[in-house]
Number of protein chains: 2
Amino acid sequence: MIPSISSPKIAFAGADHDHRRCVAAALAAATELCARRGVRLTELRRRVLELVWRSHAPQGAYAILETLRRRGRRAAPPTVYRALEFLLAQGLIHRIESASAFVGCTTPGRPHAGHFLICSDCGATAEVDDSRVGSALRDSAAEVGFRVERQTIELSGYCPDCQDESLDGEPSD
Amino acid sequence: MIPSISSPKIAFAGADHDHRRCVAAALAAATELCARRGVRLTELRRRVLELVWRSHAPQGAYAILETLRRRGRRAAPPTVYRALEFLLAQGLIHRIESASAFVGCTTPGRPHAGHFLICSDCGATAEVDDSRVGSALRDSAAEVGFRVERQTIELSGYCPDCQDESLDGEPSD
DNA sequence: GGCGTTATGTTATACTATAACAGTCTTGAG
DNA sequence: CTCAAGACTGTTATAGTATAACATAACGCC
């Protein structure tokens, strides 16, 4: 059961992908989901979601705030945090604890408890939902009588792209 | 393979345990470890470690600072953060990302990549090192070509003690 | 004892997040 | 249509977490 190097499951978006598609898909999914749930994806919330999706690297609340302002929107920290709170509640984004930042959810709609692979170099973050991890954790917790409510699983390291680059990466000084 | 309820592995300290023993053991282990490594467990660092171990619930940096000051030590935030940084580097404590707080390491000395069970009620935190979890994560990451450097795994929920109490816990309003 | 290194003190400030209250917009009942 | 209730956003202030930068003190080696 050695994972073959030639079977790269979808996870990291790759340096070349058309990111506008990611954003468009995320916004479409969010629109549809909010309509179905009868909650309001307001202009502000939509713009914040769009800014979270600006890249696959987690975005800080104040970076989002900064951009909103530059684009002419009156905004203060609560403006952003409230929108983020809504998006979190709807499962449209996730908070990356180890970075105090937020990243778009790649599979909104269905309940999931996945984990994150975060590249220390380029910041790209992949959301993975591997049942083995979940069940290993559940078993482990059950054995000591712990009832799990919420999980935070964040692995830092290097994505495929940045492992390649690290060959000629840091020049020795 | 259903884990029996009657086989509680050591994990949570239990409401009744003699906590002074925990602290004494942790300080002794730290002293020994630092001596072996030729690094200095100074008075300040020792006191900060002791305060992290004040309870099995993660302690915030500013709570530690507060206590240091009340006990007559001149201290400012960097005082505490530098000590914490040292203790982290030596593997004597861990940072709980989801709480922005620090907890003593129960098995310092050997390299380990465990995970944490954190009670949302009493705050008690157990450090667990389950090879199934580690290997599940490693496999999962390897399949997408990700090289893991550091892992943050924090499960929030209810410890055995607080599950019992929750029967008469929150009164319905 | 002098000297380089490591540790701590001190001041200021950056970054992250929320409380509290005011004003505005939306929506549905009548 | 109008108005009232609730939802959303604006605004100000402040709490909580963390680090930069520089000064001073302690340690350990020669």
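It should be emphasised that the depicted structure is a prediction, and the values quoted were computed from it without experimental measurement. Every chain is numbered from 1, with letters handed out A, B, ... down the list of sequences.
- Among D:dT11, D:dT19, D:dT17, the nucleotide with an atom closest to any side-chain atom of B:Tyr62 is D:dT17.
- In this entry the distance linking CG of B:Leu65 with P of D:dA15 reads 16 Å, nearest Å.
- By the side chain to side chain donor-acceptor pair (under 3.5 Å) test, B:Glu154 is found to be paired with B:Ser98, residues two or more places apart in sequence or in another chain being considered.
- Distance CD1 (B:Ile96) to P (D:dT17): 15 Å, rounded to an integer number of Å.
- What separates CZ of A:Arg73 from C1' of D:dC8 is a distance of 10 Å, to the nearest Å.
- Between chain B and DNA chain C, the heavy-atom contact criterion of under 4.0 Å yields a 5' to 3' nucleotide range of C:dA7 to C:dT11.
- Mapped onto DNA chain C by nearest heavy atom, A:Ala63 and B:Leu44 fall at different nucleotides, with B:Leu44 at the one closer to the 5' end.
- The pair B:Arg73-B:Glu43 does not meet the salt-bridge criterion, since no charged nitrogen lies less than 4.0 angstrom from a carboxylate oxygen.
- A donor and an acceptor atom never sit less than 3.5 Å apart when one is taken from the side chain of B:Arg40 and the other from the base of D:dG28.
- Residue B:Arg82 is classed as a base contact, given a heavy-atom separation below 4.0 Å to a base.
- The aromatic rings of A:Phe12 and B:Phe146 sit parallel, their planes meeting at an angle under 30°, below the 60° perpendicular limit.
- A salt bridge links B:Arg36 to B:Glu32: one of the charged nitrogens lies within less than 4.0 Å of a carboxylate oxygen.
- A salt bridge is defined here as a Lys NZ or Arg NE, NH1 or NH2 lying under 4.0 Å from an Asp or Glu carboxylate O, and B:Glu97 with B:Arg150 meets this definition.
- Between B:Glu127 and B:Cys105, the closest heavy-atom pair is OE1-CA, 3.6 Å.
- Using a 4.0 Å heavy-atom distance criterion, A:Ser100 is classed as a sugar-phosphate-only contact.
- Counting non-hydrogen atoms under 4.0 angstrom, A:Thr79 reaches a base of the nucleic acid.
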